[in-house]
Amino acid sequence: MLKKICNALSGIILVVMILIAGVLLLPYAFGYQTLAVLSGSMEPVYHVGSIVFVKKVPADEIKVGDPITFRLSNEATFATHRVVRIDKDKKQFVTKGDANNMEDGPTSFENLVGRASNISVPLLGYISVNIKTQKGILAATGVIVLIVLLSFLPEIFTKEPEPPQPV
């Protein structure tokens, strides 16, 4: 009985890990990258903690109303907001978060990362952001150790049958 429970638990954990890895990595095969949503500026389309799929496109393919992802002032920070105006002469987008009251300042075409799809996966952004931290690596290692333990637990707690006594 213990062996069945341990096998079921380790199987479920493995399936969940494979699904998460697939959702995070498979989009790259189709030209998308996954980015975590860290603020509520695009609620209810993109919820905090979800991941959004972004496809690199040329700036001239972007239209008013498209959600785009762009670099902010430093290279490592991104924002995903909706385009409200395009100034082709100055090569700038003006964007606004769906949940924001004010428009953002203009952003250069050069800062465009790509067009964001309208599909997002809830809660997976928390995993994609935190797995890169020391605590995230420790947690992932703990899950792997748990799977290994679950495979050996039945053997540890199963008594070996005693050899028959000579008559």
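Just so it is clear, the structure is predicted and the values come from calculations on it, not from any experiment.
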Residue pairs fulfilling ring-ring contact (aromatic ring centres under 6.0 Å, His included) with at least one residue in residues 99-125, sequence neighbours excluded: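 Every ring-ring contact (aromatic ring centres under 6.0 Å, His included) pair that includes a residue of residues 99-125, provided the two are not neighbours, is Phe93-Phe109.
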Spatial distance of atom [atom1] ([X]) from atom [atom2] ([Y]) [nearest 0.5 Å]:
X	Y	atom1	atom2	value
Arg71	Ser108	CZ	OG	9.5 Å
Asp66	Ser117	CG	OG	11.5 Å
Lys91	Leu112	NZ	CG	13.0 Å
Asn100	Arg82	CG	CZ	12.0 Å
Thr107	Leu72	OG1	CG	7.5 Å

Considering all heavy atoms of both residues, which atom of [X] and which atom of [Y] are nearest to each other, and what is their separation?
X	Y	result
Val84	Glu103	CG2-OE2, 3.6 Å
Ser120	Pro122	O-CD, 3.8 Å
Gly97	Met42	CA-SD, 3.7 Å

I'd like to check the side-chain contact (heavy atoms from CB on, under 4.5 Å) partners of Glu61; sequence neighbours left out, ordered by chain and number.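 Scan of Glu61 (side-chain contact (heavy atoms from CB on, under 4.5 Å), adjacent residues dropped) gives Val57, Pro58, Arg115.
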Taking the side chain as C-beta and beyond, is there a heavy-atom pair between Lys96 and Met102 under 4.5 Å?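 Lys96 does not reach Met102 side chain to side chain.
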If hydrophobic residues (ILVMFWY) are linked whenever their side-chain heavy atoms come closer than 4.5 Å, directly or via other members, who joins [X] in its cluster?
X	value
Val145	Leu149
Val129	Leu38
Leu123	Val48, Tyr126

What do the steps show when you test Val64 against Ile86 for side-chain contact (heavy atoms from CB on, under 4.5 Å), and what is the final call? CA-CA 7 Å; Val64 171; Ile86 302 172; 4.2 Å; yes
Only one of Ile51, Asn118, Asp98 forms a side chain to side chain contact (heavy atoms under 4.5 Å, CB included) with Tyr46, so which one is it?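 Among the candidates, only Asn118 passes.
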Test Val113 against every option in Val54, Thr80, Ile68 by the side chain to side chain contact (heavy atoms under 4.5 Å, CB included) rule and name the one that passes.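 Answer after filtering Val54, Thr80, Ile68: Val54.
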Would Phe78 and Val52 satisfy side-chain contact (heavy atoms from CB on, under 4.5 Å), going step by step from the backbone distance to the final call? CA-CA 12 Å; Phe78 302 98; Val52 64; over 6 Å; no
Per-pair distances, 0.1 Å, donor-acceptor, side chain in residues 8-37, under 3.5 Å, sequence neighbours excluded:
residue : atom : partner : partner atom : Å
Ser10   : OG   : Cys6    : O            : 3.1
Ser10   : OG   : Asn7    : O            : 3.1

Ser41 versus His81, side-chain donor and acceptor atoms under 3.5 Å: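 Result is yes, a qualifying pair exists.
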Do Leu150 and Ile5 belong to the same hydrophobic cluster, where Ile, Leu, Val, Met, Phe, Trp and Tyr are linked whenever their side-chain heavy atoms lie under 4.5 Å apart, directly or via other members?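 Looking at the clustering, Ile5 is in the same group as Leu150.
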